[in-house]
Amino acid sequence: MQGLVDFLKGIGAARFGAMIAVTAALIGFFAFVIMRVTTPQMTTLFTDLSVEDSSSIIKDLERQGIQFELRNEGTIIMVPKDKVTRLRMKLAEGGLPKGGGVGYEVFDKSDALGTTSFVQNINHLRALEGELARTIRAIDRIQAARVHLVLPERPLFSREAPEPSASIVVRVRGSLEAQQIRAIRHLVASAVNGLKPQRVSIVDEAGQLLADGAATDPEQAVGDERRIAFEKRMRKQVEDIVSSVVGTGRARVQLSADFDFNKVTQTSDKFDPEGRVLRSSQTREEQSMTADNNGQVTVNNELPGNQQNSGQTAKDQSKKTEETNNYEISRTTKTEVTEAGRVNRISVAVLVDGIYSKNDKGELAYQDRTKEQLDRIAALVRSAIGFDQKRGDQVEVVNLRFADAPSTAPIGEPSGFLGMLQFTKDDVMYFVELGVMMLLGLVVLFLVIRPLVKRILASDEVAAAISGVLAGPGATEEAAPATGGQQLLAGGAASAIDVATIQGQVHAQSVHRVGELAERNPNETVAIIRQWLAEPAK
């Protein structure tokens with residue numbers, strides 16, 4: 001301990017304070033680096049939270065002792081990346097987040113005895129609006145939704161009941177399709193008694209009116225959606241098959257379909273003359289006879305019961321036969337109903353790019369596609385759309401050079417061991433952060449610590465040199481054999497050199513060296529001399 005105390009006294013207060021400051025700075029810096037590296041990587045747990053949901057989630061995280069961060073005034077909560085999946089499932093089990101709306105749980109803790117009918121109706125309306133908003137948020141592309149319902153009561157002594165209405169405000173990612181807008185309107189109309197889809201208005205966060213409740217023809221709207229969906233599906237099929245031949249992004253397809261939305265009912269009767277069936281048959285026979293009396297008129301002939309002469313014979317006899325047959329003829333009645341949405345004609349225009357290849361100079365050279373290739377592409381397109389010449393379908397495939405040429409050839413996805421080395425964006429940012437920390441540590445080491453250590457060592461060297469000079473010739477004589485004297489004796493010429501000359505040269509070199517050190521480090525030199533002056537004489 002006495003040796004340690006003497007060493008600390010010999011260092012001096014200034015150098016001792018500098019060493020303490022450097023040590024504290026090093027400990028603090030490396031502690032910061034270690035804490036930064038060991039801190040878990042944070043990721044987003046939930047975004048766009050309401051104040052109520054954020055408060056409930058924070059209480060749950062604090063109860064579980066999980067580290068978290070709040071951003072964007074509490075609407076975003078960050079948690080460790082390795083725990084985000086488990087936390088989401090755990091919070092979902094507890095019904096969090098609720099979405100900022102009040103559902104039917106408003107009746108869970110209500111006092112039914114002291115609640116008026118007005119409050120019950122208001123709570124029912126709030127619960128219905130909240131449940132509808134939650135259901136709408138479950139649709140893709142919808143981030144948030146708010147529903148306002150107007151359920152008017154029927155006035156007394158009124159024959160007509162006012163119709164309910166609804167207004168919805170949604171915040172979406174991108175844009176909603178017409179089918180999704182219709183689905184939202186029918187969803188709300190089906191959930192509210194007496195509400196019609198035409199009475200539902202929808203507005204997005206930008207103030208754009210998506211559905212205004214105008215009286216439009218629903219069949220026409222459905223027909224347009226069917227036509228658009230058909231064109232989109234056929235266009236995608238053609239683009240896929242053409243892109244597989246000419247390359248991704250090197251083909252443009254436009255498809256137009258002419259639909260007939262008229263509903264046609266046709267009835268036709270067909271008679272078959274060969275297919276006869278006997279329905280009924282009727283036969284009639286008539287027979288008559290007349291006698292010859294020579295045209296005489298006598299009393300005997302006029303008397304009733306006149307007995308004619310037995311020898312007299314008939315002079316006229318006739319017989320008539322009639323036959324009537326009724327037949328049933330085969331008859332076929334056919335009724336055809338053609339629903340709306342028939343395709344009358346399809347027109348397809350396909351624009352393909354040429355072939356790019358590198359020339360001798362390494363530059364991309366453009367080359368048109370041959371007619372045979374274009375014919376094959378046209379044949380593929382006809383097969384894809386179900387080409388019908390009688391229907392009047394048209395397919396045009398044209399080869400033109402695109403304005404933007406491909407920069408490089410497509411690069412395949414790495415597989416095997418290279419595929420395992422693929423990093424996500426979070427991994428790359430983590431490695432970048434580690435690299436910055438290491439670079440900062442090296443900068444502090446070489447620009448801060450190294451100069452301080454050098455200055456402390458230089459102070460010790462100045463002190464040793466000054467002590468050697470002030471010690472007198474005796475010390476120089478002892479130092480000479482340890483430095484240059486050993487070399488002279490080793491050379492075998494020590495006896496030929498004057499000892500006094502060597503001592504003078506060594507003394508002069510030591511003085512010169514002390515002077516250089518004092519010029520380079522004036523502050524340390526003054527501090528050492530002051531320390532010597534303050535020490536008591538021995």
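We count residues from 1, following the sequence as given. Keep in mind that what you see is a predicted model, and the values were worked out from it rather than measured.
- At least one donor-acceptor pair closer than 3.5 Å links the side chain of Arg154 to the backbone N or O of Arg159.
- No donor-acceptor pair closer than 3.5 Å links the side chain of Glu239 to the backbone N or O of Ala251.
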Mind running side chain to side chain contact (heavy atoms under 4.5 Å, CB included) on Gln373 and Val352 for me, showing each step along the way? CA-CA 11 Å; Gln373 291 179 344; Val352 296; over 6 Å; no
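- For the atom pair CE (Met78) and CD (Gln67), the distance works out to 11.5 Å, reported to the nearest 0.5 Å.
- Within the 4.5 Å cutoff, no side-chain heavy atoms of Ile76 are placed close to those of Leu70.
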Begin with the C-alpha distance, continue with both residues' side-chain angles, and end with the deciding distance and a verdict on side chain to side chain contact (heavy atoms under 4.5 Å, CB included) for Phe68 and Leu45. CA-CA 9 Å; Phe68 63 90; Leu45 179 63; over 6 Å; no
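- Using a 4.5 Å heavy-atom cutoff, the side chains of Leu364 and Lys358 are in contact.
- Heavy-atom contacts from other residues, nucleotides or ligands closer than 6.0 Å to CZ of Arg376 number 12 or fewer.
- A side-chain donor-acceptor contact under 3.5 Å links Asn399 to the backbone of Arg369.
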Residue pair Arg86, Lys83: steps toward the side chain to side chain contact (heavy atoms under 4.5 Å, CB included) verdict: CA-CA 6 Å; Arg86 183 179 63 85; Lys83 299 180 180 179; 4.2 Å; yes
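- The side-chain heavy atoms of Ile58 and Ser54, taken from C-beta on, include a pair separated by under 4.5 Å.
- None of Val395, Asp388, Asp393 except one satisfies the side-chain contact (heavy atoms from CB on, under 4.5 Å) rule with Ile346; the exception is Asp393.
- Counting only heavy atoms from C-beta outward, the side chains of Asn325 and Glu323 approach each other to under 4.5 Å.
- Checked by atom type and distance alone, the side chain of Arg345 never pairs as donor or acceptor with a backbone atom of Arg391 at under 3.5 Å.
- In this structure, Arg235 places its CZ atom where more than 12 heavy-atom neighbours from other residues, nucleotides or ligands lie under 6.0 Å away.
- Val170 and Ala145 make their closest contact through CG1-CB, 4.1 Å (heavy atoms, listed as atom of the first residue, atom of the second, distance).
- The residue from Ile168, Ile184, Val192 that alone fulfils the side-chain contact (heavy atoms from CB on, under 4.5 Å) condition with Leu132 is Val192.
- Enclosure of atom CD in Gln179 is not indicated, since only 12 or fewer non-hydrogen atoms of other residues, nucleotides or ligands lie within 6.0 angstrom.
- Of all heavy-atom pairs spanning Ala189 and Lys196, the tightest one is CB-C, 3.8 Å.
- At distances below 3.5 Å, not a single donor-acceptor pair connects side-chain atoms of Arg342 with backbone N or O atoms of Asp260.
- To the nearest 0.5 Å, atom CD1 of residue Ile181 and atom CD1 of residue Ile202 are 6.0 Å apart.
- Across every non-hydrogen atom of Glu153 and Pro162, the tightest pair is O-CG, 3.9 Å.
- Heavy-atom minimum distance, Gly249 versus Phe402: O-CE2, 3.8 Å.
- Residues Asn193 and Leu151 form no side-chain contact, since every pair of their non-hydrogen atoms from C-beta on lies 4.5 Å or further apart.
- The nearest pair of heavy atoms linking Gln64 to Lys90 is NE2-CG, 3.8 Å.
- Gln237 places no side-chain N or O within donor-acceptor distance of the main-chain N or O of Ile385, the cut-off being under 3.5 Å.
- The minimum heavy-atom distance linking Gln143 with Arg137 is given by the pair O-CD, 3.6 Å.
- Between Arg171 and Ile142 the shortest side-chain heavy-atom distance does not fall below 4.5 Å.
- Using a 4.5 Å heavy-atom cutoff, the side chains of Val242 and Val397 are not in contact.
- A salt bridge is defined here as a Lys NZ or Arg NE, NH1 or NH2 lying under 4.0 Å from an Asp or Glu carboxylate O, and Arg134 with Glu131 meets this definition.
- Using modelled atom types, one side-chain atom of Thr75 and one backbone atom of Asn72 make a donor-acceptor pair closer than 3.5 Å.
- Between Arg382 and Val348 the shortest side-chain heavy-atom distance does not fall below 4.5 Å.
- The number of heavy atoms from other shown groups lying within 6.0 Å of CD (Gln389) does not exceed 12.
- A salt bridge links Arg250 with Asp353: the distance from a Lys NZ or Arg NE/NH1/NH2 to an Asp or Glu carboxylate oxygen falls below 4.0 Å.
- At most 12 heavy atoms of other shown residues, nucleotides or ligands fall within 6.0 angstrom of atom CD in Glu396.
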Before you tell me yes or no, could you show the steps for Asp53 and Phe46 under side chain to side chain contact (heavy atoms under 4.5 Å, CB included), namely the whole-Å CA-CA distance, both residues' side-chain angles and the distance that decides it to 0.1 Å? CA-CA 10 Å; Asp53 288 341; Phe46 293 111; over 6 Å; no
